[in-house]
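In what follows, chains are A, B, ... by sequence order, proteins preceding strands, each numbered from 1. As a basis for the values below, the full set of heavy atoms in this structure was taken, side chains included, without hydrogen atoms, waters or symmetry mates.
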2 protein chains.
Amino acid sequence: MQANDDVLVAAPARRPGRRRDASKDDVILEATRQLIAERGYEGMTMDAVAERAGTGKATVYRRWPSKVELTVDAVICGRQFILTIDDVPDTGSLRSDLMSIRGAARGSRNDELMHGLHQAARVDPQVAAVFHEQFVIARTALMRALLERALHRGEIAPGRDLDMIATVAPAMIAYQKVVAGGKAGPDYIERMIDHIIVPLATGSVPAAE
Amino acid sequence: MQANDDVLVAAPARRPGRRRDASKDDVILEATRQLIAERGYEGMTMDAVAERAGTGKATVYRRWPSKVELTVDAVICGRQFILTIDDVPDTGSLRSDLMSIRGAARGSRNDELMHGLHQAARVDPQVAAVFHEQFVIARTALMRALLERALHRGEIAPGRDLDMIATVAPAMIAYQKVVAGGKAGPDYIERMIDHIIVPLATGSVPAAE
DNA sequence: TCACAGCGAGACTCAGGGGTTCCGGAACTG
DNA sequence: CAGTTCCGGAACCCCTGAGTCTCGCTGTGA
């Protein structure tokens, strides 16, 4: 879906004329991601994208036919920042596994991107699909995999609803960020891990303060 | 803040002319709430509000100076639908208390209103304040009060972080509604109560299926 | 009866933003 | 060189929606 290469495919012999600068793609996509994170989807104007990318609007529209398609591509190409179970080394316990990704969940501006993208997801079904895949499915899947790992270690108490538990952390973090309008800092996340997630999964009483 | 009555206050002797129809206020506010719930804040146009209220745009603007102020008033006047601890009779256990409000949390279109209002909260600080008060503070406070009641009954296990636990249910429901774009049906909420909230608070193992 | 104010309807202004087009210049092919 | 394509910049079209105004009508107090 990224940029048009139909003609190149159809005619491998290179056509005359200046070649399209492929590096501009990344610059435009990154500018798009930044602006969505900063101002939300409605606040992200095509003029602003072009200006921040240091390009003309025509250059943007030569590569993407509309704002929606640009948005979709920008988010898809940003998925490199999303953690999967393979990115999280086994540290030996559920708690330390969770603590090890505590920073990553906050460090990237992925949460701001999620926040800004959210309103677009309500308007356009295409965006909604990408949003759901990348910010709902992916995060729940990671949590589910970490719980599975803990299960194999024997950490999980019997009778636990792992699917349900896997949604708790994504829900609480997204809620803090998107709905409550607050910050989900490292201390908040640690508190959540120690008083909510680990007790839920292992049935242990949280350590006294 | 509702409607202008400055002149009436300044000159108690009634002026000539047709009197403002006070019943129109409620009709307009209700139309506003409906449209925000259905289409979101951006999708709620002043023309649509006037049309649904069966009134002219001038009538709307005679009473509220702007879209933002109308929105704020509409939400504030809708707070009658918000549950407080006094609305929830003590049923004898945390679980049955929670189950008793399960329907109410879903029945009213309050969740849709929250969803639609959310984008407006990002744009306008006035709306953000009302939103936070009514959909974040109020819900967490109700949960906190229910947990407190359970504590006095002796249901709560030692060492629990009640403030943290009080945010779990609002977070998960809002997440389902607003972020995940799904439905938080009665069965989902029951599952959440039995596998998340009650175990967290009481330390009990959820009943096997 | 008459002046005045609220009423619904609809035309109107104005600003912002998506999308298009044109321009002069630069890069590439042959 | 010619022809072609991309580039940044900027002007431009056009639709949408907030907010204003006018019109003809309906009540209401003096």
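Atom C1' of nucleotide C:dG17 and atom CD of A:E51 are separated by 14 Å, given to the nearest angstrom. Protein atom CZ of A:R62 is 11 Å distant from nucleotide atom C1' of C:dT21, rounded to whole Å. Between A:E42 atom CD and D:dA18 atom P there is a gap of 12 Å when expressed in whole angstrom units. If you measure from atom CZ of A:R52 to atom C1' of D:dG8, you get 18 Å, rounded to the nearest angstrom. For the pair A:W64 CH2 and C:dT20 C1', the interatomic distance rounds to 18 Å; values are reported in whole Å. Distance B:M44 CE to D:dT16 P: 19 Å, rounded to the nearest Å. Rounded to whole Å, the distance from CD on A:E69 to C1' on C:dG19 is 14 Å. Rounded to whole angstrom, the span from the OH atom of A:Y41 across to the C1' atom of C:dG17 amounts to 11 Å.
Side chain of A:R19, nearest nucleotide from C:dT29, C:dG18, D:dT22: C:dT29. Among the nucleotides C:dG8, D:dC7, D:dG19, the one closest to the side chain of A:R63 is D:dC7. In the set C:dA9, C:dT21, C:dT20, C:dT20 carries the atom at the smallest distance from any side-chain atom of A:Y61.
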Salt bridge (charged side-chain N to carboxylate O under 4.0 Å, His left out) evaluation trace for B:E112 with B:R33
CA-CA 10 Å; B:E112 273 73 20; B:R33 262 176 257 124; over 6 Å; no
Take B:T45 and B:D47 through the test side chain to side chain donor-acceptor pair (under 3.5 Å) and record every step on the way to the result.
CA-CA 5 Å; B:T45 69; B:D47 293 80; 4.8 Å; no
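Ion pairing of A:D73 with A:R63 is absent here, as no side-chain N (NZ or NE/NH1/NH2) approaches a carboxylate O to less than 4.0 Å.
Applying the 4.0 Å criterion to OP1 and OP2 of D:dG8, one finds that A:T55 has a side-chain N or O inside that range. Look at B:T59 and you'll find a side-chain N or O under 4.0 angstrom from OP1 or OP2 of C:dG8. The phosphate of D:dT5 (OP1 or OP2) has no side-chain N or O of A:R20 nearer than 4.0 angstrom.
Ranked by how close their nearest DNA chain C nucleotide is to the 5' end, B:R18 and B:A50 are led by B:R18. Mapping B:G17 and B:K57 onto DNA chain C by nearest heavy atom places B:G17 closer to the 5' end of the strand.
Between A:V123 and A:V68 there is no side-chain heavy-atom pair separated by less than 4.5 Å. Looking at B:L70 and B:I28, their side chains come closer than 4.5 Å, going by heavy atoms from C-beta outward.
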